Amino acid sequence: MKCPQCGHPMKTARENYMYRESGLPNVTLVGIEVSRCSSCGEHEAVIPRIEQLHRAIATTIALKAPGLTSAEIRFLRKCLGWSGADFAAHMGVSAETVSRWENGSATMGSAAERLLRLATLTREPAGHYSLEVLKDMARTKPSAQRLQVRVEKGRWNAEAA
Ligand SMILES: [Zn+2]
């Protein structure tokens, strides 16, 4: 293939690729196909199944030891498909707080960090539990949940009534 920048032929090889496009400084994609131009330095990586890749990265970040970096916070937020405003609404903080988390001028508190991790980890398996619920939490008055709980097939099953 030809370099889209300068037209020079590009060389394609499998390599361990530093995935800087993710915004994360330390993610290496092992053995992926990368075309490089020796003339101008342009490169193109073939990254298969990007969505699943991002989920795999996000899950690992959500399970890491306490303390998320600003880049990790931004990555998780984007993986959740949230704009900055969505993020602020879900976390119950101001837009300014979100920008401070993401530019590194403020550290995320531990409750917010736990919520972001939980949202990331439960996003797929609990798809029926809409994260939209979190947005409304600050706006609604608390009221006791009405439940109907019954034994079905030998197990307790609770349902909102
Ligand atoms: Zn080139």
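None of the values given here were measured: they were computed from a predicted structure. Side chains are part of it too, since the values below use all heavy atoms of this structure and drop only hydrogens, waters and symmetry mates.
- Between Trp82 and His90, the ring-plane angle classifies as parallel under the 30° and 60° cut-offs.
- Closest approach of Arg77 and Ser83 over heavy atoms only: CD-O, 3.8 Å.
- To the nearest 0.5 Å, the span separating NE2 on His43 from SG on Cys37 amounts to 12.0 Å.
- Residues Glu44 and Cys3 form no side-chain contact, since every pair of their non-hydrogen atoms from C-beta on lies 4.5 Å or further apart.
- Scanning both residues, Ala45 and Ile32, for their nearest heavy atoms gives CB-CD1, 3.9 Å.
- Under the 4.5 Å side-chain heavy-atom criterion for Ile, Leu, Val, Met, Phe, Trp and Tyr, Trp101 and Leu24 are members of the same hydrophobic cluster.
- Note: Glu113 CD to Leu118 CG = 12.5 Å, rounded to the nearest 0.5 Å.
- If you take CG on Leu116 and CG on Leu80, they are separated by 6.5 Å, rounding to the nearest 0.5 Å.
- Although no hydrogens or angles enter the test, the distance criterion places no donor-acceptor pair under 3.5 Å between the side chain of Arg36 and the main chain of Lys11.
- Atom CG of Leu121 and atom OG1 of Thr59 lie 6.0 Å apart (nearest 0.5 Å).
- Of all the heavy atoms in Ile73 and Glu102, the pair that sits closest is CG2-CG, 4.2 Å.
- Pairing each heavy atom of Cys6 with each of Cys40, the nearest pair is SG-SG, 3.9 Å.
- Distance CD/Glu72 to CE/Met108: 11.0 Å, rounded to 0.5 Å.
- Minimum heavy-atom separation, Thr12 to Ser35: OG1-OG, 2.7 Å.
- The hydrophobic cluster containing Val27 also contains Tyr17, counting ILVMFWY residues as joined when their side-chain heavy atoms lie under 4.5 angstrom apart, directly or transitively.
- Placement of Ile50 and Phe75 within a single hydrophobic cluster is found when ILVMFWY residues are connected by side-chain heavy-atom separations under 4.5 Å, directly or transitively.
- Within the 3.5 Å criterion, the main-chain N or O of Gln5 finds no donor-acceptor partner in the side chain of Lys2.
- The backbone N or O of Ala106 lies less than 3.5 Å from no partner atom in the side chain of Arg100, so there is not a single donor-acceptor pair.
- Residues Leu68 and Ile61 meet the side-chain proximity criterion, which asks for heavy atoms closer than 4.5 Å.
- Thr97 places no side-chain N or O within 3.5 Å of a backbone atom of Val93 that could act as its donor or acceptor partner.
- Taken to the nearest 0.5 Å, the CG atom of Leu29 stands 10.0 Å off from the CE atom of Met18.
- In terms of heavy-atom proximity, Gly31 sits nearest to Arg14 at O-NH1, 2.9 Å.
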